J.: 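Below you'll find the structure I mean.
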Amino acid sequence: MPETLTLCDQGDELTDLIKRVAAARRVVVVTGAGISVNCGIPDFRSSTGLFQQIRAAHGDVVSSGRDLFDASVVFRSAQTADVFYHWMTHLRHQCAGAQPGAVHRFIRQLADRGTLLRSYTQNIDGLERKAGLSVWDPYSAKGDPEHVPWQVAQSVPLHGSMEHLSCQLCSSSYHFSEQSSESAIRAGDECPDCQARSQVREACGRRSLATGKLRPTVVLYEEPHPHCEDIAKIISHDARALGTRRSSGVSKQPQDVVLVFGTTLKVPGCRQLVRKLATASPETTLTVFVNNEPVCGKSWDGIVDYQVIGNVEDWCARVERKWSVQTKITQWTKTRKNSASVASSSKGKPKVVAVIEKENVPAADPPSNAIPGKQTVSKKRKNTGCVDSSTEGSDSEPIRKRKRQRPCTPIAPPPVSELLLPIRRSLRIATQQNHVYCHSPVSICI
């Protein structure tokens, strides 16, 4: 039996479960009639549900409310068919006036966050479309603006919808009007296409053709699903997607989540759907069932991991609060990383002011004991920014790297007259002693 938790519990196990669901990468949601009760649309099997209302109003026609949604019973007589069309029109008006609830908005947030893989609904109210989800509709033509391919559809109605009416004879499709005007096409009306073909034959002198009646495009009990192959293809695609790991490393916790909301899992097709999704990759998929009353027994052992008893809207609110906490933590982490990167980049920059001050220092005068004809170089070579001539053209780098090196300031050589002073003095002495012959160039210099 799956592990059962109560939503009012304050234990660490429920908190950890909500945290894992909030951190999921891919989510598949399966919903039932329970999520639309607070929107003003009754469910089917509760004490105040649709089955009980039909039985109280038409107990003389049908023995139970379920019979009115059984294809083998409802079209057996014209009386039961008329009751069926009446309740379908009444339900259509209820769906037209209803607005999406908290669970529908929760599914929309999953889609906005990019984690919603698909939403499968047993409901026929069409509130998923009002919530902003793209809905797969097999009755819409490819040129229709509302046509959505199944590859990009976010929501898949398992039991059809109340958006269209279909002829039981020629399968022509029409829009199910939300208003009860005389010109509107209603459930139970004769098919306009069948009438047009019959009138053409009668005008040619031929016998008239049978005319079919329009019924909502919903799937009843004991009738084959007209689009079962398309839905099976979508389910197989999503099951393979759940079985595919996004990361190569082994994760400690499941990355994908299957959420089941507001259903008793009594419809065989829905049970098979949940089993296939939950068992596609059990080691990486977490399956959570949330409902007001316990449903999953021993038959769901090893398929459903957790069964949470409580209001589905309260569960969604707790997951949304965990999302807001994660968003604040993510924003704080990004802000801290940005400030740290700015601080590290500013720490490595050179101090431009200090370099400018050193560049403005005037060059020192040559010492008094400098050798004539030689250039004086300061001992503190690293402060002048000069590179030794012996290292020019080699792979060696300067002693100190700077963003901009200050060029060397050459020292002006002494005047020629100062260099000739010792020579003139020695020649004067030698001339007086008659020891040296004065060559003409020397005499000219003297």
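As the structure is a prediction and not an experimental result, all values here were calculated from the model. Scope of the values below: all heavy atoms of this structure, side chains included, with no hydrogens, waters or symmetry mates.
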J.: Using modelled atom types and a 3.5 Å cut-off, is there a donor and acceptor pairing between side-chain atoms of T217 and backbone atoms of S161?
T.: yes
J.: Look at the side chain of R215 and the backbone N and O of V218, then say whether any donor-acceptor pair between them is shorter than 3.5 Å.
T.: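 Checking the backbone N and O of V218 against the side chain of R215, a donor-acceptor pair under 3.5 Å is found.
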J.: Calculate, to the nearest 0.5 Å, the distance between atoms OG and CD1 belonging to S177 and I185 respectively.
T.: 8.5 Å
J.: Is the distance between the ring centroids of F261 and F289 under 6.0 Å?
T.: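 Centroid distance F289-F261: not below 6.0 Å, so no.
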J.: Verify the distance criterion only: is there a donor paired with an acceptor across the side chains of T15 and D12 at less than 3.5 Å?
T.: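 Side-chain D/A pair, T15 to D12: absent.
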J.: Would you tabulate the side-chain donor-acceptor contacts of residues 194-201 under 3.5 Å, counting partners in other chains and residues two or more places apart, or write 'none'?
T.:
{"from": "Q195", "atom 1": "NE2", "to": "E190", "atom 2": "OE1", "distance (Å)": "2.6"}
{"from": "S198", "atom 1": "OG", "to": "L209", "atom 2": "N", "distance (Å)": "3.3"}
{"from": "R201", "atom 1": "NE", "to": "R207", "atom 2": "O", "distance (Å)": "3.1"}

J.: State whether the side chain of R318 and the backbone N or O of L7 hold a donor-acceptor pair below 3.5 Å, judged by distance alone.
T.: yes
J.: Are any side-chain N or O atoms of D9 and backbone N or O atoms of G11, one a donor and one an acceptor, separated by less than 3.5 Å?
T.: no
J.: Can you tell if the side chain of V219 reaches within under 4.5 Å of the side chain of H227, non-hydrogen atoms only?
T.: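 No, too far: nothing below the 4.5 Å cut-off.
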J.: Please report the shortest heavy-atom distance between R118 and A153, naming the atom on each side.
T.: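 Of all heavy-atom pairs spanning R118 and A153, the closest is NH1-O, 2.7 Å.
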J.: Check whether more than 12 heavy atoms from other residues, nucleotides or ligands sit under 6.0 Å from atom CG of D112, and answer yes or no.
T.: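 Result for CG/D112: enclosed.
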J.: I'd like to know if the side chain of Q307 and the backbone of C296 have a donor-acceptor N/O pair within less than 3.5 Å.
T.: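 Judged by distance alone, yes, a pair lies under 3.5 Å.
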J.: Between the side chain of D238 and the main-chain N/O of I235, is any donor-acceptor distance below 3.5 Å?
T.: no
J.: Is there any salt bridge (Lys or Arg N to Asp or Glu O under 4.0 Å) pair reaching into residues 290-312, and which pairs are they, with sequence neighbours excluded?
T.: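 Sorted pair list comes back empty.
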J.: Looking at CD1 of I41 and CD of Q94, how far apart are the two atoms once the value is rounded to the nearest 0.5 Å?
T.: 7.0 Å
J.: Do the side chains of Q122 and T31 get nearer than 4.5 Å, heavy atoms only?
T.: no
J.: Using atom types as modelled, flag every donor-acceptor pair under 3.5 Å from a side chain in residues 128-138 to any protein atom, sequence neighbours excluded.
T.:
{"from": "E128", "atom 1": "OE2", "to": "T121", "atom 2": "OG1", "distance (Å)": "3.4"}
{"from": "K130", "atom 1": "NZ", "to": "C95", "atom 2": "O", "distance (Å)": "3.1"}
{"from": "K130", "atom 1": "NZ", "to": "A96", "atom 2": "O", "distance (Å)": "3.0"}
{"from": "K130", "atom 1": "NZ", "to": "A98", "atom 2": "O", "distance (Å)": "2.9"}
{"from": "S134", "atom 1": "OG", "to": "V152", "atom 2": "O", "distance (Å)": "3.4"}
{"from": "S134", "atom 1": "OG", "to": "Q154", "atom 2": "N", "distance (Å)": "3.1"}
{"from": "D137", "atom 1": "OD1", "to": "Y139", "atom 2": "N", "distance (Å)": "3.2"}
{"from": "D137", "atom 1": "OD2", "to": "H164", "atom 2": "NE2", "distance (Å)": "2.7"}

J.: Indicate whether any N or O donor in one side chain lies under 3.5 Å from an N or O acceptor in the other, for S166 and Q168.
T.: no
J.: Who are the side-chain contact (heavy atoms from CB on, under 4.5 Å) partners of K266, not counting sequence neighbours?
T.: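 Partners of K266 by the side-chain contact (heavy atoms from CB on, under 4.5 Å) criterion, ordered by chain and then number, come out as R45, T264.
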J.: Would you say S236 and K276 are linked by a side-chain donor-acceptor pair, where the criterion is simply a distance under 3.5 Å?
T.: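 The criterion, which ignores hydrogens and geometry beyond distance, is satisfied for S236 and K276.
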J.: For the atom pair CH2 (W150) and NE2 (H237), what is the distance rounded to the nearest 0.5 Å?
T.: 5.0 Å
J.: Could you list the donor-acceptor pairs under 3.5 angstrom formed between side-chain atoms of residues 47-58 and any protein atom two or more places apart in sequence or on another chain?
T.:
{"from": "Q53", "atom 1": "NE2", "to": "T48", "atom 2": "O", "distance (Å)": "3.3"}
{"from": "H58", "atom 1": "NE2", "to": "W87", "atom 2": "NE1", "distance (Å)": "3.2"}

J.: Is any side-chain heavy atom of R321 closer than 4.5 Å to a side-chain heavy atom of V325?
T.: no
J.: With the side chain counted from C-beta on, respond yes when L259 and V257 share a heavy-atom pair under 4.5 Å apart, and no when they do not.
T.: yes
J.: Give a yes or no on whether the backbone of G32 and the side-chain of N123 come within a donor-acceptor separation of less than 3.5 Å.
T.: yes
J.: Which residues pass the side chain to side chain donor-acceptor pair (under 3.5 Å) test with T80, not counting sequence neighbours?
T.: S77
J.: Does the E223 side chain pair with the main chain of L220, one donor and one acceptor, at a distance under 3.5 Å?
T.: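 Yes, the answer is positive, given that a donor and an acceptor are paired below the 3.5 Å cut-off.
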J.: Any donor and acceptor pair, going by atom type alone, linking the side chain of R76 with main-chain N or O of A81 inside 3.5 Å?
T.: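 No, because the side chain of R76 does not come within donor-acceptor range (under 3.5 Å) of the backbone of A81.
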J.: Please say whether more than 12 non-hydrogen atoms of neighbouring residues, nucleotides or ligands are located less than 6.0 Å from CD in E229.
T.: no
J.: In Å and rounded to the nearest 0.5 Å, what is the CG to CZ distance from L116 to R26?
T.: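 Answer for the CG-CZ pair, L116 versus R26, is 12.5 Å.
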J.: Under the 3.5 angstrom rule, does the side chain of H93 hit a backbone N or O of H90 as a donor-acceptor pair?
T.: no
J.: Side chains of S36 and D125 only: does a donor on one sit below 3.5 Å from an acceptor on the other?
T.: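 A donor-acceptor contact under 3.5 Å links the two side chains.
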